[in-house]
Amino acid sequence: MENPNIPPKVQQQIAQLQQMQQQMQTILQQKSQYEMTVREAKRAEEELKETKEDAEVFMSIGSVMVQQTKEYVEKSLADKIDTLELRIKSLEKQEKAIATRFEQLQQQVRSSLEGRMPEAA
Amino acid sequence: MASNENTPTPEEEFQALQMYLNEFNQQIELFSRQFQMIEQARMEMITSVETLKGLKGTTDAVSLLPVGGGAAILAKVIDADSVIVSIGADVSVKKTNDEAVSFMGERITEMEAQGKRLAETVQKLQAQAAEVSGRLEQLYRAGQGQPTGRS
C-alpha cells in the first residue's frame, strides 16, 4: 500500500492515524459494553426496589446461585454501577484525547499532501 | 486549470459510494443480528410463560428434566408456585407463578418494541443502501457507455 508519491514522514503519520482509528474503535466498543452493563444493573436495581423486603434474592457466582439478603444485593449493584460509571468516564477522557490528537494529525497530513498535490496530478 | 478542484471525479464518487455501501451493509448485518437475538429471547420467554401457566396449580407434576446430551430424567415439580426469575445483572428473585408471568409478560412487550425499532432501523438502512446502489449502477453505466472524447 506504500505510495512513492507520499513522503515517508507523511506515510508514518497516516499509519498513526489508522492506529488511532483502531484505538478509538476499541474504546467505543468497550464504552458501549459498559454502558449496556450499567443499564442492566440499574434495571435490576429498580426491579429489586419493587420487591418485598423479605424477598428471596439470589446472586450468580460462577455457575451457582447463592441466596443473599436484599440489602446486600442492592449494595453490590450500587457498587457495580459506580465502578462502571467511573470506567466509562475514564474511557470518555481517552476518547476525547484521541479525537483531538487525531484531528491535529489529520490536519497535518492534509496540509502536507495539499502542498504536494499540484505536481502529483 | 483546476476549476473542478472540489468536485469529485466519477471514479472518486464511485469509490466513496462503494465505501458507504459497505458501511451500510455492515450496519444492516449488525442490526439484523441484534434483531434475531431479541426475537430468539422473546420466543424463549413466551415458551417459559406458557410452561409456567401450564404448571400453575399442579402438585407433584411429573416432568422431564433435561440433563444435557439429549437425555432427561423424570422429576417432580414440588412447588409450581415458586419461580426464581432472573432480573439481570446476575441477580435472581423468587416470585410467585403469577408474579413471574406478569414480569416476563412485561419483558416480552419491551422486547417486541425493541424488535420493532430495530426492524425499522434495518428498513431505513436498506432503503439508503438501495439508493447508494442505484447511484453506483448509474455511474457504472455512464462509465461504460461514455465515449473516449467529449462531443
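This structure is a prediction, so every number in the text was calculated from the model and none was measured. To find a chain, count down the sequence lines: A is the first, B the second, and so on, and within it residues start at 1.
Residues Leu17(B) and Leu21(B) are not in side-chain contact: their nearest non-hydrogen atoms beyond the backbone lie 4.5 Å or more apart. Put simply, the side chain of Thr51(A) reaches to within 4.5 Å of the side chain of Leu48(A), judged on heavy atoms.
Side chain to side chain, Arg135(B) and Gln138(B) meet the donor-acceptor criterion of an N or O pair below 3.5 Å.
A salt bridge does not link Arg39(A) with Glu35(A): none of the charged nitrogens is closer than 4.0 Å to a carboxylate oxygen. With salt bridges taken as basic N to acidic carboxylate O contacts below 4.0 Å, one links Arg33(B) and Glu29(B). Here Glu110(B) pairs with Arg43(A) in a salt bridge; the nearest charged N to carboxylate O distance falls below 4.0 Å.
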> Given the rule in the side chain to side chain contact (heavy atoms under 4.5 Å, CB included) test, do Ile46(B) and Val49(B) qualify, once you have shown the distances and angles that lead to the verdict?
Replying inline: CA-CA 5 Å; Ile46(B) 289 173; Val49(B) 166; 5.7 Å; no
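The line from CE of Met20(A) to CD of Gln106(A) is 10.5 Å long, rounded to the nearest 0.5 Å.
Geometrically, Lys94(B) does not engage Phe58(A) in a cation-pi contact, judged by NZ or CZ lying under 6.0 Å from the ring centre and within 45° of the ring axis.
The choice from Met59(A), Glu47(A), Glu46(A), Lys70(A) that makes the most heavy-atom pairs within less than 4.5 Å of chain B is Glu47(A).
Looking at Lys42(A), there are no atoms closer than 4.5 Å to chain B (heavy atoms on both sides), in backbone or side chain.
At a heavy-atom separation below 4.5 angstrom, chain B is approached by Val73(A), Leu77(A), Lys80(A) within residues 73-80 of chain A. Against chain B, no residue from residues 96-104 of chain A qualifies, as none has a non-hydrogen atom under 4.5 angstrom away.
Side chain of Thr58(B) to backbone of Leu55(B): a donor-acceptor contact under 3.5 angstrom is found.
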